[in-house]
Asker: 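Dumping the structure here so I can ask a few things about it.
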Protein chains: 2
Amino acid sequence: MDEAAIKAMIHRLPSEQVLNRICQTFGALQCTTRLQILLLLQQCPLCVTDIENMLGQSQSAISHSLRTLRQLDLVRTKREGRFTVYHLADEHVSVLVEMCKQHAKEMES
Amino acid sequence: MDEAAIKAMIHRLPSEQVLNRICQTFGALQCTTRLQILLLLQQCPLCVTDIENMLGQSQSAISHSLRTLRQLDLVRTKREGRFTVYHLADEHVSVLVEMCKQHAKEMES
DNA sequence: TGAACATATGAACAATAGTTCATATAAGTA
DNA sequence: TACTTATATGAACTATTGTTCATATGTTCA
């Protein structure tokens with residue numbers, strides 16, 4: 001493969017900045033806890049305690065996971081009285097999660 | 001949220017086995033090198049040396065990355081004379097990569 | 001205000017993943 | 001067959017990530 005062709009292909013890759021951001025996003029989904037959180041939040045918004053109960057993990061672990069998801073803007077929060085309710089950030093994330101589920105189905109077959 | 005509702009939501013999650021597999025897949029995409037490899041292979045099949053040249057990384061690093069992708073059945077190989085040509089495993093992976101690119105675009109805006 | 005509940009966070013430690021180096025295998029070619 | 005090129009792999013080291021523990025912050029309610 002010649003120089004020119006190689007350059008052309010590299011040129012079609014996203015910028016380093018964008019690549020890093022995508023990788024961080026996938027990195028967040030690399031952990032079952034966080035993936036499960038997103039799958040749950042796709043069903044409905046939840047407070048931290050509910051998530052703890054559902055996944056049977058420590059308060060701290062869940063909170064740290066949520067922070068990671070928050071920092072990547074995959075989830076957002078809304079204060080409701082004593083509770084902090086988490087929900088998926090936007091339609092884009094919802095599509096991402098939907099794709100996970102589809103991926104899961106194809107994997108089962 | 002009551003016990004029954006919690007159980008129902010958990011029940012809708014994929015099995016642990018499937019979850020792990022999905023997470024492994026995302027884990028593979030968490031590394032810019034591997035993500036870039038998939039983005040390149042979506043453009044066209046490539047041999048290892050081409051990928052090395054394009055990404056400017058050591059032979060060993062690329063080969064290890066390819067192994068990870070192979071083990072997750074994200075890429076497959078075909079021997080062509082002296083060269084081992086890598087290509088995306090199937091349409092499903094292609095969709096996954098396409099989604100990355102879309103993700104990238106939304107990220108830029 | 002103080003007690004109880006809900007959540008967040010820093011620091012330390014443990015687990016995982018990535019990179020490099022040395023070396024092995026395998027095919028093509030002189 | 002020996003030599004070169006192409007690729008793979010194990011082991012050691014390094015870096016990154018996840019988990020736990022202790023503690024802090026913020027909210028409600030008596």
Side-chain angles (χ1 to χ4, degrees), chain A residues 1-2 6 16 19-38 40-41 44-87, chain B residues 1-2 6 16 19-38 40-41 44-87:
Chain A
M1 195 160 230
D2 68 22
I6 286 179
E16 198 183 315
L19 273 174
N20 282 334
R21 192 65 200 281
I22 300 177
C23 287
Q24 282 183 324
T25 301
F26 285 127
L29 305 182
Q30 173 212 23
C31 156
T32 49
T33 300
R34 288 187 301 254
L35 180 60
Q36 286 179 108
I37 290 175
L38 292 184
L40 290 174
L41 292 182
C44 70
L46 293 168
C47 72
V48 182
T49 308
D50 281 339
I51 299 173
E52 279 169 51
N53 292 334
M54 289 177 187
L55 301 185
Q57 298 206 28
S58 74
Q59 188 274 315
S60 183
I62 295 294
S63 189
H64 278 297
S65 287
L66 286 169
R67 174 158 68 156
T68 302
L69 294 173
R70 233 166 44 222
Q71 286 173 337
L72 289 167
D73 196 33
L74 294 171
V75 302
R76 291 181 191 152
T77 62
K78 184 169 59 170
R79 190 90 202 183
E80 284 190 8
R82 299 183 286 166
F83 302 98
T84 302
V85 177
Y86 279 79
H87 56 92
Chain B
M1 195 158 230
D2 67 22
I6 287 180
E16 197 182 317
L19 273 175
N20 282 335
R21 192 67 200 278
I22 299 176
C23 287
Q24 283 183 325
T25 302
F26 285 127
L29 305 183
Q30 172 214 21
C31 158
T32 49
T33 300
R34 287 186 301 252
L35 180 60
Q36 287 180 106
I37 290 175
L38 292 184
L40 289 174
L41 293 182
C44 70
L46 293 168
C47 72
V48 182
T49 308
D50 281 339
I51 298 173
E52 280 170 50
N53 291 333
M54 288 178 188
L55 301 184
Q57 298 205 28
S58 74
Q59 188 272 316
S60 183
I62 295 293
S63 188
H64 278 296
S65 287
L66 286 169
R67 173 159 67 158
T68 302
L69 294 172
R70 233 166 45 222
Q71 285 173 338
L72 289 167
D73 196 33
L74 293 172
V75 302
R76 290 180 191 153
T77 61
K78 185 169 58 169
R79 191 91 202 184
E80 286 191 5
R82 299 183 286 164
F83 301 98
T84 302
V85 178
Y86 278 79
H87 56 92

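Below, read A as the first sequence line, B as the second, and so on, with proteins coming before strands; counting in each chain starts at 1. In this text, all values refer to a predicted model and were calculated from it rather than measured experimentally. What's counted below: heavy atoms across the whole structure, side chains too, no hydrogens, waters or symmetry copies.
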Asker: Mark up nucleotides 7-25 of chain C, 5' to 3', with B wherever a protein heavy atom is under 4.0 angstrom from a base atom, S wherever such an atom reaches only the sugar-phosphate, and - elsewhere.
Answerer: BBBB-------S-BB----

Asker: Report the residues that fulfil salt bridge (charged side-chain N to carboxylate O under 4.0 Å, His left out) with A/Arg82, sequence neighbours left out, ordered by chain and then residue number.
Answerer: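 Partners of A/Arg82 under the salt bridge (charged side-chain N to carboxylate O under 4.0 Å, His left out) test: none.
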
Asker: Please report, rounded to the nearest Å, how far the C1' atom of C/dC5 is from the CD atom of A/Glu80.
Answerer: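 The distance from CD of A/Glu80 to C1' of C/dC5 comes to 17 Å, rounded to the nearest Å.
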
Asker: Does A/Arg79 use its side chain to pair, donor to acceptor, with the backbone of A/Gly81 at less than 3.5 Å?
Answerer: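 Yes.
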
Asker: Name all residues meeting the side-chain hydrogen bond (donor to acceptor under 3.5 Å, both in side chains) criterion together with A/Thr49; count only those two or more places apart in sequence or in a different chain, and write none if there are none.
Answerer: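 For A/Thr49, no residue satisfies side-chain hydrogen bond (donor to acceptor under 3.5 Å, both in side chains) once neighbours in sequence are set aside.
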
Asker: Testing the basics here: between B/Gln30 and A/Cys23, what is the closest heavy-atom pair and its distance to 0.1 Å?
Answerer: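 Heavy atoms of B/Gln30 and A/Cys23 come nearest at O-CB, 3.3 Å.
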
Asker: Rounded to whole Å, please give me the gap between CG in A/Leu46 and P in C/dA6.
Answerer: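 Taking atom P of C/dA6 as the reference, CG of A/Leu46 is at 15 Å.
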
Asker: Where is the tightest heavy-atom contact between A/Val75 and A/Leu66, given as atom of each residue plus distance?
Answerer: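 Minimum heavy-atom contact is CG2-O, 4.2 Å.
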
Asker: From CD1 of B/Ile51 over to P of D/dA8, roughly how many Å is that when rounded to an integer?
Answerer: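 Going from CD1 in B/Ile51 over to P in D/dA8 covers 9 Å.
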
Asker: Please report the interatomic distance NE2(B/His87) to OG1(B/Thr77), rounded to the nearest 0.5 Å.
Answerer: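 B/His87 NE2 to B/Thr77 OG1: 6.5 Å, rounded to 0.5 Å.
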
Asker: Nearest whole Å is fine: how far is D/dT17 P from A/Leu29 CG?
Answerer: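 Atom CG in A/Leu29 sits about 14 Å away from atom P in D/dT17.
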
